[in-house]
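Chain naming here is simple, since letters A, B, ... match the order of the sequence lines and numbering starts at 1 in each.
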Amino acid sequence: MTLNDLPTLTLSQNGHNPEPSQRTFIMKKSALLAAVCVPAFLAAAPLSAKTLVYCSEGSPENFYPGVNTTGTSFDASTQVYSRIVEFERGGTKVQPGLAEKWDISPDGLVYTFHLRKGVKWHNTNKNFKPTRDMNADDIVFMFERQWKQDNPYFKVTSPNHSYFDDMGMPKLLKSVEKVDDYTVKVTLNQPEAPFLADLAMEFAAVQSKEYADAMLKAGTPEKIDQEPIGTGPFYLVQYQKDAIIRYKAFPEYYAGKAKIDDLVFSITPDASVRWAKLQKGECHVMPYPNPADLQAMEKDPNVSILSQAGLNIGYLAYNTQKKPFDDLKVRKAINMAMNKKAIVEAVFLGSGIPAKNPIPPSMWSYNDTIKDDPYDPEAAKKLLAEAGYPNGFETDLWAMPVQRPYNPNAKRIAELMQADLAKVGVKAEIKSFEWGEYRKRMQSGEHQMGMLGWTGDNGDPDNFLHTLLGCASAQGNGSNVAKFCYKPFDDLVTKAKVTTDVAERTKLYEQAQVIFKEQAPWFTIAHAVQLKPVRKEVVDFKLSPFGRHTFYGVDIKGK
Amino acid sequence: MLRFILTRVSLIIPTFIGITLLAFFLIRLVPGDPIETMAGERGIDAARHEQLRKEFGFDKPVIVQYGIYISRVLQGDLGKSLITQAPVWEEFKSLFPATVELALCAILFALVIGLPAGMLAAIRRNSIFDHGVMGISLAGYSMPIFWWGLILILVFSVQLDLTPVSGRIDVLYYIEPVTGLLLIDSLLSGEEGAFASAVEHLILPTIVLGTVPLAVIARMTRSAMLEVLGEDYIRTAKAKGLSRFRVVALHALRNALIPVVTVIGLQVGVLFTGAILTETIFSWPGVGKWLIDAIFRRDYPVLQGGALLLGIVVMSVNLIVDLAYGLINPRIRHHR
């Protein structure tokens, strides 16, 4: 039975007979049923109001984004919670959330949040009834649960508050104080421009302190992460692992009730099966299509494919502290020896655009005036000779063993690169390890050159340029796998980090991208394009640059 | 008979120890640990990694960890999933009925078609029917499950629109699990159409999962039947002037069933293996998919607990089969 069968269901529910064509359809089905298993009888399903079905790709780990790292888990919990500030729908701009407005002290150290009044908690849990609206206690709890090791909730579900730690919160936060019920003052140790954007990230979802206290008293603290209560647009009705997540629109949501009434995540791990379900109308939106199905999708009159360059970058990093890649000429030569366009076309199959900068074009401060290194094997050979390698050299070439959002097939890319490099005399040996091991070894700098990538967290260029290319992360096992530490570049991105004026930051980042191109610590491969097949009856679904799937504001036509 | 049962039961203990050892050490041989797997591209600094390893108890020598694990298992505590923090037993309990439902339907499907097909093929040896059944069953046996499932979806769901694509029931039904077996729960719920929807959703996965056992059962029945039909007592029965039906159904079938029953028992293990793929294709919320995820996430407790519980199920089924074998064949029961 599909959602499109609903009109039929209405008919039979009212006691009328189905139309003849529908009758034969039902008869055909019954015959097949009877043939295989128990004799079946088909009847009407309970009629639901506006229901949107999303064929999600997997089960969430739990409903507490503070300890999660996967998009699958974030998608499941983001419907339920609100944050102090929110990203605009379909963009990276930060807008008011639970905080109606905020003041930032001139030195950029003190943030005072003025909270919205009358924000209701979901009143849907059988074990707990909220007695008060959202207030400053809940906001303070959000910080302290992830920050203070002595908080009784610090270790509940997991002590690994991955994003909170990664965004540098433990070092950054000096104090979080409740001024009154609707005012919270956050003091930082140093100015940090991306701080507001950080608070719009999933890890900063606000949970009910009252619920937490009640569950702690009942001896079941983990319940708050399994049967979540939030202030978000949808409340959780049912979760069956690997099968279904069922939500209903929260009528008292502070920004008004969602346009749809029911939201269902039909968990469908296989991409081809998701596509079959979408075709049949068993779901309305599906993530992560199989590139091989794209052509058929384009031809389907009931489906449109939304696309957007994702907030990501796939790259080949040269280990700038190892020979021969400590030599700028070698890095430039290799950049020119590989045919980027051909590689992207062959491997991304229309779901990627060649990258010239380390940040994606949808991000503010993207410097479009920069020219990419041309594909020119002859010039590359010349440069190699100048660098003292007239006959090329031998190197390793690391390729991830797994598919990643920014790179669908690293091994295939490595083979294409290997062939291109052979033409300029460079013999590259492809290496790979188990994924966890691979990353660890890359981060400790064992490679000469190797592929990796990044998906943006908070929409801030700092999250790419400082996190992936700054000197601080070039040390130890940091995420700067090119081990690129170049003072003129680092000065720019460090300065931009502590500057609050966006125009000024934009200038700094634009300049940093120029230096990046000159110094060539990476061969930038591609930005994967996010493709989202959506049925035509879905109205106003917006792609999130962060790859989230949110359904507030989405409507369904003809119901 | 008692001695027979005791011998069989005593074999369970070494098997049990074997499973815990294998599950425990094999997953630890795989590089990477749950903390690193969770960290993703972000990575994790060494100090924090060490601290978390301590929290989870991974800093102790592996043999000590195994000792702790076994002592907990013996007290009935399988631990908690590292990822969801839910007790392994609770997760297993909520997912296992789905696998059982699918496996039961699949084996039923295999028996209902495989037994008669095998018998007929044996009786009409070397006929077109015989060659047809054997050819098809060989194809069925060699069929890659993933491909087979997708083909069925494309043909029956997408092209012919006869069955739903995947899932256990239409998303419009909200059935509270009582027994966990949706065929029963949907009837109990009293919601109109829920049962039919559950049946519809079972058809394709049943066929996909049942294909391999069906092929094995058909081939096994045929060869067992052929052997029995060549026995002297069958010739005697025929010579006595018994009807062909009586000869086949009463004299031959019962004896031919002995090896077939054993094969059915062994197929339970095969079913669980097949369930892993079938469940992934049909988004079937069973234990197969759960274990695969546990491997990818290095969720040690889930993998150890799941393997152990499934092992116990397979062992129990085989024990029951062995006992049934004894019932069918008095020679085994009285053998000293």
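Between B:Asp161 and A:Lys280, some side-chain heavy-atom pair lies under the 4.5 Å cut-off. Side-chain contact check for A:Ser266 versus B:Ser283: every heavy-atom pair is 4.5 Å or farther apart. Side-chain contact check for A:Pro159 versus B:Leu52: some heavy-atom pair is nearer than 4.5 Å. Put simply, the side chain of A:Asn62 does not reach to within 4.5 Å of the side chain of B:Ile83, judged on heavy atoms. At a threshold of 4.5 Å between non-hydrogen side-chain atoms, the residues A:Glu61 and B:Gln85 do not count as touching.
With a 4.5 Å cut-off on non-hydrogen atoms, B:Thr280 touches chain A through its backbone and its side chain both. Interface residue A:Ile244: only side-chain heavy atoms are found under 4.5 Å from chain B. The part of B:Phe146 that comes within reach of chain A is its side chain, from C-beta onward, which places non-hydrogen atoms under 4.5 angstrom from that chain. Residue contact with chain B, scored on non-hydrogen atoms closer than 4.5 Å, involves the backbone and the side chain of A:Val237 alike. Heavy atoms of A:Asp242 lying under 4.5 Å from chain B belong to its backbone as well as its side chain. For chain B, no part of A:Thr70 is nearby; none of its heavy atoms comes within less than 4.5 Å. Neither the backbone nor the side chain of A:Asp225 comes within contact range of chain B; no heavy atoms are under 4.5 Å apart. With a 4.5 Å cut-off on non-hydrogen atoms, A:Val264 touches chain B through its side chain but not through its backbone. Within the 4.5 angstrom heavy-atom criterion, atoms from both the backbone and the side chain of B:Ile281 approach chain A.
For the pair A:Glu222 (side chain) and B:Ala86 (backbone), a donor-acceptor distance under 3.5 Å is absent. Put simply, the side chain of A:Lys277 gets close to the backbone of B:Ser166: a donor and an acceptor are under 3.5 Å apart.
For the residue pair A:Arg246 and B:Tyr173, the shortest heavy atom distance occurs at NH2-O, 2.8 Å.
Listed options B:Lys289, B:Gln51, B:Lys80 were ranked by heavy-atom pairs under 4.5 angstrom with chain A; first place goes to B:Lys289.
To the nearest 0.5 Å, the span separating CD1 on B:Ile153 from OG on A:Ser272 amounts to 9.0 Å. In this structure, A:Glu282 CD and B:Ser157 OG are separated by 7.0 Å, a value rounded to the nearest 0.5 Å. One finds the CD atom of B:Glu90 at 13.5 Å from the NZ atom of A:Lys241 (value rounded to the nearest 0.5 Å). A distance of 7.0 Å separates OG1 of B:Thr84 from CD of A:Gln226, quoted to the nearest 0.5 Å. A distance of 11.0 Å separates CG of B:Leu154 from CH2 of A:Trp275, quoted to the nearest 0.5 Å.
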Pairs of donor and acceptor atoms involving the side chains of residues 98-113 of chain B, under 3.5 Å and at least two apart or interchain, shall be tabulated with distances.
from     : atom 1 : to       : atom 2 : distance (Å)
B:Thr99  : OG1    : B:Glu279 : OE2    : 2.8
B:Thr99  : OG1    : B:Val287 : N      : 2.9
B:Glu101 : OE1    : B:Arg168 : NH2    : 2.8
B:Glu101 : OE1    : B:Leu182 : N      : 3.4
B:Glu101 : OE2    : B:Leu182 : N      : 2.8
B:Glu101 : OE2    : B:Leu183 : N      : 2.8

Mind running side chain to side chain contact (heavy atoms under 4.5 Å, CB included) on B:Leu150 and A:Asp270 for me, showing each step along the way?
CA-CA 10 Å; B:Leu150 284 178; A:Asp270 185 77; 4.0 Å; yes
